[in-house]
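Let me begin by presenting the structure, written as structure tokens, before commenting on it.
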There are 2 protein chains.
Amino acid sequence: MEKSQKIIKQSDENCPVRKSLALLGGKWTLLILFQINDRVLRYGELKRCIPDISEKMLIQELNSLVENKLVSKKAYPEIPPRVEYCLTELGLKTLPIADKLASFGLQNLK
Amino acid sequence: MEKSQKIIKQSDENCPVRKSLALLGGKWTLLILFQINDRVLRYGELKRCIPDISEKMLIQELNSLVENKLVSKKAYPEIPPRVEYCLTELGLKTLPIADKLASFGLQNLK
DNA sequence: CAGTATCCTGTAGGATACTG
DNA sequence: CAGTATCCTACAGGATACTG
């Protein structure tokens with residue numbers, strides 16, 4: 001494996017780690033992406049997957065994820081409403097990060 | 001590759017992603033770990049590596065990283081003082097996460 | 001050099017109630 | 001069902017000055 005250090009010279013605003021963290025660093029962001037994973041989930045299902053999140057935070061995160069092209073949203077013009085969320089191509093690329101986070105937690109944290 | 005989904009049933013407090021995020025989710029945490037990497041760095045060197053961080057945040061993060069056994073600290077009884085930081089075994093295990101973050105940023109973010 | 005000590009602020013995040 | 005709309009607050013994070 002190549003030395004990570006070679007990737008980056010200075011931790012300025014252009015640092016890829018900081019840019020990724022700016023996009024993904026929220027308390028819930030990676031967890032939501034990880035929960036959606038390769039599935040297509042309705043709002044309510046997602047909420048049930050992450051019981052501790054407030055409605056406000058969930059919808060707020062989803063909106064910004066959609067805005068940032070990590071998640072795509074499909075609303076059906078039905079009553080009662082149905083809205084489905086899934087990861088975009090870009091969103092799928094974040095899964096390896098969440099996976100590393102998960103395996104780190106599993107292996108090292110009680 | 002195995003389905004990530006199998007790892008976890010629910011996103012409760014025991015969710016490994018959330019536990020990892022609780023430990024590593026700060027604005028600077030993973031960046032500091034990534035900067036130290038496999039090196040042994042003095043406080044001042046580290047500060048120069050991450051120019052934007054405030055002294056308070058840097059020392060605060062370092063202290064909590066030491067407390068959480070991710071970083072080890074060696075202070076030499078000299079004048080002027082010399083203090084060296086490097087990653088512990090556990091800290092080294094977080095590098096793959098930072099690496100994924102870095103490569104995601106490099107490949108996908110402008 | 002490697003930190004402390006203060007003071008300050010924005011905003012991430014939450015609780016609750018309401019709606020098309 | 002899938003959201004809005006309000007109101008609220010703790011604390012992450014920062015600026016600045018000082019010290020052993």
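In what follows, chains carry the letters A, B, and so on, assigned in the order in which the sequence lines appear, proteins first and then strands, with residues in each chain numbered from 1.
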- Does the side chain of A:Arg18 reach to within under 4.5 Å of the side chain of B:Leu31, using non-hydrogen atoms? yes
- May I ask you to evaluate whether B:Tyr85 reaches the phosphate of C:dC1, defined as a side-chain N or O under 4.0 Å from OP1 or OP2? no
- Query: Can you tell me the Watson-Crick or wobble partner of D:dA17, both distances under 3.5 angstrom?
  - Reply: C:dT4
- In whole angstroms, how far is the P atom of D:dG13 from the CZ atom of A:Arg18? 12 Å
- Query: Whole-Å distance between C:dG3 P and B:Leu46 CG?
  - Reply: 10 Å
- Query: Once you round it to whole Å, what is the distance between P of C:dC1 and CG of B:Leu58?
  - Reply: 15 Å
- For the pair made of CD in A:Glu78 and P in D:dG3, what is the distance, rounded to whole Å? 13 Å
- Message: I need a per-nucleotide contact map over nucleotides 14-20 of chain C, read 5' to 3'. Cutoff is protein heavy atoms under 4.0 Å; write B for the base, S for backbone only, - otherwise.
- Response: BB----B
- Query: Atom CD1 of A:Ile79 to atom C1' of D:dC1: distance rounded to whole Å?
  - Reply: 11 Å
- Message: Under 4.0 Å from OP1 or OP2 of D:dC1: is there any side-chain N or O of A:Arg42 that close?
- Response: no
- Query: Is the closest side-chain heavy-atom distance between A:Thr94 and B:Asn108 below 4.5 Å?
  - Reply: no
- How close or far is atom P of D:dG14 from atom CD of B:Gln60, stated in whole angstroms? 10 Å
- Message: Less than 4.0 angstrom between a side-chain N/O of B:Lys74 and OP1 or OP2 of C:dA2, yes or no?
- Response: no
- Task: May I ask you to decide whether B:Lys73 forms a salt bridge with B:Glu84, counting only side-chain N to carboxylate O separations under 4.0 Å?
- Result: no
- Query: Mind checking whether B:Trp28 and B:Asp52 have side chains closer than 4.5 Å, heavy atoms only?
  - Reply: yes
- For A:Thr88 and A:Ser72, indicate whether the former's side chain and the latter's backbone hold a donor-acceptor pair under 3.5 Å. no
- Message: Between P on D:dA5 and CG on A:Asn63, what's the gap in Å once rounded to a whole number?
- Response: 11 Å
- Message: Among D:dT4, D:dG13, C:dG3, which nucleotide has an atom closest to any side-chain atom of A:Ile59?
- Response: D:dT4
- Note on the structure: note: A:Lys47, atom NZ; D:dC1, atom P; distance rounded to Å ~ 9 Å
- B:Leu87 side, atom CG; B:Gln35 side, atom CD - distance, nearest 0.5 Å: 11.0 Å
- If you measure from NZ on B:Lys47 to CD1 on B:Ile59, what distance do you get to the nearest 0.5 Å? 9.5 Å
